[in-house]
A.B. asks: 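Starting off with a structure, shown below.
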Amino acid sequence: MEIKNKYVTIKTNINAAPKEPHFEIKVENVSLIVETESESKDVVVKNLFVSIDPYQINRMKSQSSSQGAISFATAISPGDSIDSYGVGRVLFSHRPDIKKGDLVAGLLTWGEYSIVKEGSLLNKLDPNMGFPLSYHVGVLGFSGLTAYGGFFEVCKPKPGEKVFVSAGSGSIGHLVGQYAKLLGCYVVGSAGSQEKVNFLKERLGFDDAFNYKQETDLKSALKRCFPQGIDVYFDNVGGRMLEAAVANMNSFGRVAVCGVISEYTNATTRAAPEMLDIIYKRITIKGFLAADLMNVYAEFLSKTVEYLKSGKLKTIEDVSRGVESIPSAFIGLFNGENIGKKIVKVADE
């Protein structure tokens, strides 16, 4: 038996801002007759939700230093399928721990179906958790783990400290700010529109927020928001925002570098923080990946489920529909179109 699989690929490497002509939708036949391969551990999955994340642009470049760092960041060649975190329903499996009909989360493809090879990330989901399936792509998936682990493990925050979150309305930032508030911190976020600023303050409870596009001097903007200095900076942006944050850090401040979206599509934009500040204030700047945080996964899941069920934590999703919407959803990340976690719903169950 064969099924038609529609999936997204790139036509050419992308070394600047992504555009619609960079992508194409392809169709291939996927065989479900894998039972004839007795040694196969392949799992065939019908994709239901897939994650759309800005880091993928670095995989699409002709060259990026990130591509050789970890398997999740390997280069994508034109014509290849594009793997991403997602949720799906198992159609066929040779793995003893995964059966037909199971709900699973792991590395799926930007397409209608995925063939997950042995050794690739794929785990069964508990269907009785009581949350929408999309939550397992965002707040209960790698985005949530990145926010929780990056804040608590990398930043080592203390109650009452002053926390700055750039891209505060994004998939990671909107969670980091809430975790910080739950700890008892003073939290300020930056965003790219007044709508997002209002969202951070009125809906998520940030103490303050500002529209960076309306600020001519980011250092002065942060001085206004943090007259007593910044203790923790959760960086999703890089570039001038990182420079401004370092200039306003307190002694022994901590910077967790999660992403540098301002630098992904512009080779001329690079952060140049004041090194004397870093030395004399003894500032720690640390980059990290979600894969580094698996030691706190159980704690993250337990706490986040508790916060969600009690209503103390809100998660915001921006959901598009259908494989055809994946390129525009991805492009929109670089135009600041989304609020919260960007997800594509590929199919109904």
Side-chain angles (χ1 to χ4, degrees), residues 16-17 54 57 147 150-151 155 157 161-181 185-251 253-278 281 283 285 287 316 318 331-340 342:
I57 193 69
F151 182 60
C155 297
E161 286 195 312
K162 296 165 182 62
V163 176
F164 173 46
V165 185
S166 57
S169 65
S171 62
I172 309 296
H174 88 283
L175 298 173
V176 172
Q178 292 181 84
Y179 286 132
K181 287 300 299 177
C185 296
Y186 177 84
V187 181
V188 176
S190 65
S193 71
Q194 191 58 46
E195 176 193 7
K196 292 179 179 181
V197 167
N198 294 341
F199 164 76
L200 293 179
K201 293 196 293 185
E202 297 169 8
R203 186 160 180 188
L204 298 187
F206 281 45
D207 295 287
D208 203 354
F210 65 92
N211 180 355
Y212 70 88
K213 293 181 180 178
Q214 294 182 344
E215 301 291 344
T216 57
D217 185 338
L218 290 175
K219 292 180 182 179
S220 296
L222 286 174
K223 182 66 175 177
R224 182 182 72 239
C225 294
F226 294 98
Q228 296 179 310
I230 300 168
D231 298 305
V232 169
Y233 172 38
F234 197 100
D235 186 17
N236 293 296
V237 171
R240 293 191 304 117
M241 195 68 80
L242 174 58
E243 296 172 6
V246 166
N248 283 277
M249 296 291 289
N250 289 326
S251 294
R254 288 87 70 206
V255 179
V257 184
C258 175
V260 288
I261 193 169
S262 73
E263 304 183 23
Y264 289 162
T265 59
N266 186 342
T268 65
T269 303
R270 293 292 181 267
E274 176 55 66
M275 295 306 296
L276 286 178
D277 283 340
I278 294 171
K281 293 181 182 178
I283 296 169
I285 300 179
I316 310 302
D318 183 341
I331 292 164
L333 293 177
F334 300 91
N335 298 328
E337 294 177 5
N338 65 298
I339 294 181
K342 188 61 189 176

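Heavy atoms only: backbone and side chains are in, while hydrogens, waters and symmetry mates are out. Since the model is a prediction, treat every value here as computed from it, not as a measurement.
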A.B. asks: Less than 4.5 Å apart, any side-chain heavy atom of Tyr233 and any of Leu242?
C.D. replies: yes

A.B. asks: I'd like to check Asp277 versus Met249 (side-chain heavy atoms, cut-off strictly below 4.5 Å). Are they in contact?
C.D. replies: no

A.B. asks: If you look only at pairs with a residue in residues 161-174, which of them pass as a salt bridge (charged side-chain N to carboxylate O under 4.0 Å, His left out), with sequence neighbours excluded?
C.D. replies: Glu161-Arg254

A.B. asks: If you define the side chain from C-beta out and look only at heavy atoms, does anything of Cys185 sit under 4.5 Å from Val232?
C.D. replies: no

A.B. asks: Is there a donor-acceptor pair under 3.5 Å between the side chain of Glu263 and the backbone N or O of Arg270?
C.D. replies: no

A.B. asks: Let me confirm one number: the CE-CG distance from Met241 to Leu222, rounded to the nearest 0.5 Å.
C.D. replies: 7.0 Å

A.B. asks: Which residue pairs pass the salt bridge (charged side-chain N to carboxylate O under 4.0 Å, His left out) test when at least one of the two sits in residues 185-205, sequence neighbours left out?
C.D. replies: none

A.B. asks: Give, for atom OG1 of Thr265 and atom CD1 of Ile331, the distance between the pair rounded to the nearest 0.5 Å.
C.D. replies: 12.0 Å

A.B. asks: Is there a donor-acceptor pair closer than 3.5 Å between any side-chain N or O of Ser262 and the backbone N or O of Val237?
C.D. replies: yes

A.B. asks: State which residues pass salt bridge (Lys or Arg N to Asp or Glu O under 4.0 Å) with Lys181; sequence neighbours excluded, sorted by chain then number.
C.D. replies: Asp207

A.B. asks: With sequence neighbours left out, what residues match Lys342 under salt bridge (Lys or Arg N to Asp or Glu O under 4.0 Å)?
C.D. replies: Asp318

A.B. asks: Is the shortest heavy-atom distance from the side chain of Asn248 to the side chain of Phe164 under 4.5 Å?
C.D. replies: no

A.B. asks: Taking C-beta and beyond as the side chain, do Asp208 and Tyr186 meet within less than 4.5 Å on heavy atoms?
C.D. replies: yes

A.B. asks: Are any of the side-chain heavy atoms of Phe210 and Leu218 separated by less than 4.5 Å?
C.D. replies: yes

A.B. asks: Using atom types as modelled and distance alone, determine if a side-chain donor or acceptor of Asn236 lies under 3.5 Å from a backbone N or O of Gly259.
C.D. replies: no

A.B. asks: Would the distance check show the side chain of Asp235 and the main-chain N or O of Gly238 forming a donor-acceptor pair, the cut-off being under 3.5 Å?
C.D. replies: yes

A.B. asks: Among residues at least two apart in sequence or on other chains, which ones pass salt bridge (Lys or Arg N to Asp or Glu O under 4.0 Å) with Glu215?
C.D. replies: Arg224

A.B. asks: Taking only residues two or more places apart in sequence, or in another chain, which ones meet Asp231 in a salt bridge (Lys or Arg N to Asp or Glu O under 4.0 Å)?
C.D. replies: none

A.B. asks: Can you tell me if Glu274 uses its side chain to pair, donor with acceptor, with the backbone of Ala247 under 3.5 Å?
C.D. replies: no

A.B. asks: Are Phe206 and Val188 close enough that some pair of their side-chain heavy atoms sits under 4.5 Å apart?
C.D. replies: no

